[in-house]
Amino acid sequence: MARRDRDDYKRDPELLRGVTEVDYKDAEFLKKFMTDRGKILPGRITGANAQQQRNIKKAIRRARVMGLVR
């Protein structure tokens with residue numbers, strides 16, 4: 001089994017550019033901030049600032065409750 005390279009998770013400024021609100025119903029967008037096992041990636045890897053990371057965390061947890069993501 002190939003280990004996912006850290007480069008896959010490296011910062012992508014385009015990913016959060018122009019995003020003003022993180023919607024918990026947008027599962028495909030939220031999966032970009034999660035590992036294959038469903039863990040939330042830290043902001044130092046995704047490039048999100050503290051406020052964005054809190055919004056992402058809240059949206060992922062809501063989506064988990066709704067059953068939209070793992």
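Keep in mind that the numbers below use all heavy atoms, side chains included, and drop hydrogens, waters and symmetry copies. Not measured: the values here are computed from a predicted model.
In this structure, CG in Asn55 is found 11.5 Å from CG in Asp23, a value given to the nearest 0.5 Å.
Arg64 and Arg70 make their closest contact through NE-O, 3.2 Å (heavy atoms, listed as atom of the first residue, atom of the second, distance). Gln53 and Ala48 make their closest contact through OE1-CB, 3.7 Å (heavy atoms, listed as atom of the first residue, atom of the second, distance).
Tested against Tyr24, the residues Arg61, Arg62, Lys58 include a single side-chain contact (heavy atoms from CB on, under 4.5 Å) partner, Arg62. Paired with Met34 under the rule side-chain contact (heavy atoms from CB on, under 4.5 Å), one option of Ile60, Leu41, Ile56 passes, and it is Ile60.
Hydrophobic clustering (side-chain heavy atoms under 4.5 Å, transitive across Ile, Leu, Val, Met, Phe, Trp, Tyr) keeps Ile40 apart from Leu68.
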